[in-house]
Structure formats: C-alpha cells, structure tokens
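The structure appears below as structure tokens.
Because only heavy atoms are used, hydrogens play no part in the values below, and waters and symmetry mates are left out as well, while side chains stay in.
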Amino acid sequence: MPSKSSARLAAVCAASTITLTSPAHARSVRIHDIQGDTRMSPYAGQQVTDVAGIVTGVRTYGSSRGFWIQDPEPDADPATSEGVFVHTGSTPQGVAVGDAVKVSGTVSEYVPGGTSSGNQALTEITRPAFTVVSGGNPVPAATGIDAGSVPAAYTPAGDPAANGSVNALPLRPDRYALDFYESLEGMNVQVSDTRVVGATDPYTELWVTVKPGENRNHRGGTVYGSYGAQNTGRLQIQSLGRAADFPDANVGDTLAGATTGPLDFNQYGGYTLVARELGTLESGNLRRESTRAQRSGELAVATYNVENLDPSDGTFAAHAEAIVGNLKSPDIVSLEEIQDNNGATDDGTVAADRTVAALIDAIVAAGGPRYDWRGIDPADKADGGEPGGNIRQVFLFDPERVSFTDRAGGDATTATGVTKVRGRAALTVSPGRVAPGSEAFEGSRKPLAGEFVFRGRTVVVVANHFASKGGDQSLTSQYQPPSRVSETQRHLQAKEVHDFTARILAVQKNAAVVVLGDINDFEFSTTTKILEGRGTLWSAVKSLPRSERYSYVYQGNSQVLDQILISPSIRRGGAFTYDSVHLNAEFHDQISDHDPQVLRFRP
C-alpha cells in the first residue's frame, strides 16, 4: 500500500472546488443563508459581500489555511449552520480569535480528496477580502456535542436519482447523526470528558466518542460489528495549536474537561473538531496483551502483519519481543508485509532473505527459538504494496516443534495444486503459491501455501494478504450507503482460496487446513462468507465474544481485518482456542497498525 503521507499529498493535489454557477452580483447575506438547510450552499458560485461574524479559529498550517467565522445572532432553524470557513490560501494576516469581521468573496464547495473520492463538500468563502471591525469580542458560545444530542441513526439513504447522493436532501439533524454534524459545520462546538477510541497518529489526530456506552469493549474501544452500526458518537479531534503540544493518547484514555473549537470536514475522517482548547489527557492505563503459551500437544499458529518490514527499519527488536513475549513463540507464524532486502528502493531486488534473517536473529536475541522459514520471492513490482518493496507473505516455523514438507518447483508464477499421496491430500509444490496467474491476484499479493507436520499430522497452511480497501468511499461519504469498490477483487481472491481449500478437503475430508492472514475485510463481510463457503472453512475469530473481535482500529472503529479460518476437522474437534492479541492497534507508539492473531489446536 502507498504510505499514508504520500496518499495525503496526492489527495491534497486532487482536492476539488465545485462552482455551480459563474460568480453573480455581490450581495449581503448572513452565514446561515450561505449554509442553507442542505449540504450544498444555495449561494455556491456566487459572490457575497460584508458577511458578518466573529472569528472562532485561525488555521495557519497545512494546505487549507484561513479562519472560521460565526454569526453571534443565529436564526431559529436548527438545520442551518451559523459558521463558515474563510479560505485565504496563505497564512491569514491581521485576524485573531474574537475579531468581529466582515468578509466578501466567492462561496465555493470544496471537496477534500476531489470529486472522485465521493466525499462531502465543505462550504467555504474563497478569494476573500475582509475588514476587522473590532477585536476582543466574546466568541459565540460553543454548541455541545454529547450522547443526548447525536441521533442513533447514522444517515438517510441517498437519492437514487442522484446516484445515491445525500447532498440535496434537507438536513434532519434531530434524526440522523451525519445531518446533525453537517448542521454544525464551521461552528464553534464542544465535547467534554470524552473517551479516546482511536490513538494519536503521526498527523496529530485522535478519535473520541461522545457516546460512552456505544458498542464499548472492555479495553475502551468502540467495536464495529456490522455495516448498519457505524457508531455515531465517533468524532475526530485535531488541534489549532502546536503539533508538539498534541497529546500522545491511547485507546481508553480520556480527554478530560472541555475540548472546544470549530467543526471542520476533511478527507481523513470527515467531521473533525479542530480544537482551539484541548481537554487534559488522563491515562486509561491500557496495557499490551500477551497470550498464553501453547501446551505440548497444541499447535500454535499465528498471523502478524509487520507493516512493510525491511532491513533499514528500527523495529526488529520490538517485533521480536512481540513474537516471543506477547505471542509466546508460536510454532508457525505467517508474516505479512515482508519487504525485499532494500525495502522501497526500486532496483529490481526481490529477495527478502536479509529481512527475514534479521527478524529471526532478533527473535533469538529476545529469548525465542531460532525459527526456520519458507517463502517465495514475487516477480518484481507484480504484487502491489509500496513501490519497490515487493511485499510478500513468509512462514516462520520452530523446527524443534514442527517440520516443513518441501516439494520443489514453487516460484512466483507456478501454481501449487492438490494431489493424493498414500491416501492423503498433499500439495504438488511446497511452499507454493495459490493461483498466481489468476486475475484475482493481479497487482496483489499471492497466497502462500505450505505443508507442515506436527506430531505426525499434516497441516496445510495458506497465508494471505488480500487487496486493500483503497478506493472505497468513506462512512461520511455524500453517497449513502457508500460504495465499497475494493470488495470486487477480494471476492475473487476469496473464491480462489476457498476453491483451493475445497480441493484439499475433496481429497481428504478430515484434512487439517488453516487459512490465515490480513484478509482486509470484516468477519461479517461477503469476502469472509465466500472464503468460508458452505462448511469448507470457518473464521475462528467468531469464537470470541462480539466485543473482542477486532485487530485494527480505523477512524475510531475497532474492527476485524486479520483472520484465521479453520477446516471442519479442526472446528469439530472443539479443542481450539483463539486470541486476538491487542498490542499495536490501540497504541500511539505502535510498531504495526495490526494486532496479531493466534490459534491453538490439537490436530
């Protein structure tokens, strides 16, 4: 996947401004007239003059510089916002919070990420000229956002005649959460004593919830358990202050007291409180989890996305400690996002032996076993991921506990098949790639299959890293329900892996098969249902209580992306345990954005 920073730069360059009409004659209007009672301003494309307001925030950094103003004399319509952003382009001069100003300019609808993103538009006054009338005025009282004010329903369905867009629908802030937030766009708002549900990221953003009981788990997060439960209390927090002053928060911490500032809308999370005043961070004392060690008769199999690991990284010791200390040295570890020996340098290198060796050495130094490993180098630039990185899946295994069955012939383009050896299912090549020539895996990671033997029993393991969610519309999209275009490829990938597994079980009904990895989709998704088929596999994360099913935190939603699926013989035996080991996703100092998963069973 492209790095988040490069994705942001591309998004800034792609951002669009919608001008619905050519500029009309200037007119004097109030802010609530400009905002109107839908998402699109009735004055878009028109010039306005002497729009009066009090400055509630000044943004002096980033690509969208300017200031917010709010009318201190609101109208009686709760659907019309009293605030608006004045986009100056460069750092605004001669204006401060508390100034009474009059602004003239063109009303525009700015779409963060560009119109192709599907994002909602942000109403702005652009190319402004402004006059400071007076200074030191009281800032309009902040509107409180809390559990009692945010509706339980997330959004209305979009207009079918407008391709599902909600832009032209009248706002109903008393009924829908997104309408409520939109009715406050640009206004001075406040949240109080909010729990952190998304840790601080490198861009000085975090997520809180104003609904403390909404799908809460025991570690303080908010669980995303279905497409119809988007968790309406989530809100992103940024700051108008120095980045150095922004708190390093983990899930379960609290922003105590009031957090106050204008309500913005951006590409990376939608509605965002840009704080003029931040609450005080109070620790929830969240601790990284550790699983138990496998017993002598149990086989422990894990999946762990190590986030673009290459020899130049400084995280090898931390990853080793996670594998040894937190995962208790599983017998087999499927690693996703192992990069080649020079990482993102794009010079044709595809081998990853140095990357893997550095991790194995670090594991030994951390007190773990000296793992052996198997993998297949991809063709250069054929498997997606960071350009030049050639990410792939790799098996680590403890040779003191598990043996690997090598069958020669596997390479980047040769598919492994299923045959019968002495009455049992076997792979034609091991390690081998599953359907590497299929369109399902074009430009994406190919599944890696291998045969292992534990206490005389063969276990086939298939490691996966399905296509990412890049290109999907956000939950706050103007199109409702949002489009999830990335599913198309994952569905094809799931079908290929399911059918491969089904061929194994057709040869040997009681074969022990484990399909695992970064599936990039939820346990309730169609992708998972296709993988499972009609009794072929079962996602073992569903053995956990619903509140504990997550491996990733995105925009304040704790959700499942990493999974381990098991064949019927493993499930029917009942002697398995599953653990989602929370040691990364909830923490601001994470070494990966994924939590590893561990399955223990008796083959």
Side-chain angles (χ1 to χ4, degrees), residues 297-301 303 331-334 372-376 392-399 401-441 445-464 492-517 530-540 563-576 599-603:
E298 290 180 318
L299 178 68
V301 184
T303 176
D331 301 308
I332 302 169
V333 184
S334 166
D372 201 349
W373 71 283
R374 296 292 187 276
I376 293 178
R392 82 291 307 272
Q393 298 86 260
V394 163
F395 291 128
L396 300 185
F397 63 95
D398 181 355
R401 298 257 304 164
V402 177
S403 64
F404 190 88
T405 303
D406 287 292
R407 293 195 178 90
D411 58 28
T413 58
T414 300
T416 187
V418 181
T419 188
K420 183 182 287 189
V421 176
R422 293 187 292 277
R424 297 178 179 272
L427 302 181
T428 56
V429 295
S430 173
R433 296 181 121 192
V434 176
S438 169
E439 65 172 334
F441 298 105
R445 283 71 59 181
K446 283 67 172 172
L448 177 69
E451 271 187 51
F452 297 86
V453 177
F454 176 73
R455 293 195 159 198
R457 178 78 190 275
T458 295
V459 179
V460 177
V461 182
V462 183
N464 301 273
L492 295 174
Q493 293 174 337
K495 181 69 163 52
E496 289 282 7
V497 175
H498 166 270
D499 291 352
F500 177 77
T501 305
R503 290 195 290 274
I504 296 173
L505 297 178
V507 172
Q508 182 184 344
K509 186 176 181 180
N510 69 341
V513 182
V514 177
V515 172
L516 78 176
I530 294 171
L531 258 178
E532 291 178 322
R534 295 186 176 181
T536 304
L537 295 168
W538 184 69
S539 181
Q563 300 188 50
I564 302 178
L565 297 96
I566 55 179
S567 59
S569 66
I570 299 174
R571 184 184 181 189
R572 280 199 302 266
F576 72 87
L599 173 80
R600 293 176 291 263
F601 68 102
R602 295 178 181 273

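Residue Phe395 holds its CZ atom at 12.5 Å from CH2 of Trp373, rounded to the nearest 0.5 Å. Summarising the geometry, atom CG belonging to Asp372 is positioned 3.5 Å from atom CZ belonging to Phe397; distances are rounded to the nearest 0.5 Å. Interatomic distance, CG of Leu531 versus NE2 of His498, reported as 8.5 Å (0.5 Å rounding). Note: Leu599 CG to Ile564 CD1 = 5.0 Å, rounded to the nearest 0.5 Å. Note that OG1 of Thr419 and CD1 of Ile504 are 11.5 Å apart. Values are rounded to the nearest 0.5 Å.
Closest approach of Ala435 to Ala415, counting heavy atoms only: N-CB, 4.1 Å. The two atoms that bring Val507 and Ala425 nearest to each other are CG1-CA, 3.7 Å, heavy atoms only. Heavy atoms only, all atoms of each residue included: Val429 and Ala408 are closest at CG1-O, 3.3 Å.
Remark: of the listed residues Val459, Val301, Leu299, Leu396, Leu299 is the sole one forming a side-chain contact (heavy atoms from CB on, under 4.5 Å) with Asp331. Considering Val462, Val394, Leu516, Val514 in turn, Leu516 is the only one that fulfils the side-chain contact (heavy atoms from CB on, under 4.5 Å) rule with Ser334.
Looking only at distances, a side-chain donor or acceptor of Gln493 sits under 3.5 Å from a matching main-chain atom of Ala440. Between the Lys446 side chain and the Ala412 main chain, no donor and acceptor come within less than 3.5 Å of each other. Checked by atom type and distance alone, the side chain of Gln393 pairs as donor or acceptor with a backbone atom of Ala463 at under 3.5 Å. When atom types are taken as modelled, the side chain of Thr416 and the backbone of Val434 share no donor-acceptor pair closer than 3.5 angstrom.
When side chains are defined from C-beta on, Asp406 counts as touching Pro431, because their heavy atoms get closer than 4.5 Å. Between Phe601 and Ile566, every side-chain heavy-atom pair lies at or beyond the 4.5 Å cut-off. Between Ile376 and Arg392 there is no side-chain heavy-atom pair separated by less than 4.5 Å. Annotation: side chain of Leu505 is in contact with side chain of Pro568 (closest heavy-atom distance under 4.5 Å). At least one side-chain heavy atom of Arg457 sits under 4.5 Å from a side-chain heavy atom of Ser569. In this structure the side chain of Val497 reaches within 4.5 angstrom of the side chain of Asn464, judged on heavy atoms. Proximity of Phe404 to Pro399: side-chain heavy atoms (C-beta onward) are nowhere separated by under 4.5 Å.
For Arg503, the side chain to side chain contact (heavy atoms under 4.5 Å, CB included) test picks out Val418, Asp499, Phe500, with sequence neighbours left out.
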Name each donor-acceptor pair under 3.5 Å that joins a side chain in residues 447-454 to protein atoms two or more places apart or in another chain, with its distance.
| from | atom 1 | to | atom 2 | distance (Å) |
| --- | --- | --- | --- | --- |
| Glu451 | OE1 | Arg407 | NH1 | 3.2 |
| Glu451 | OE2 | Arg407 | NH1 | 2.2 |
| Glu451 | OE2 | Leu427 | N | 2.7 |

Step-by-step side chain to side chain contact (heavy atoms under 4.5 Å, CB included) determination, Arg534 to Thr536: CA-CA 6 Å; Arg534 295 186 176 181; Thr536 304; 5.8 Å; no
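Environment of CZ in Arg424: sparse, with no more than 12 heavy atoms of neighbouring residues, nucleotides or ligands closer than 6.0 Å.
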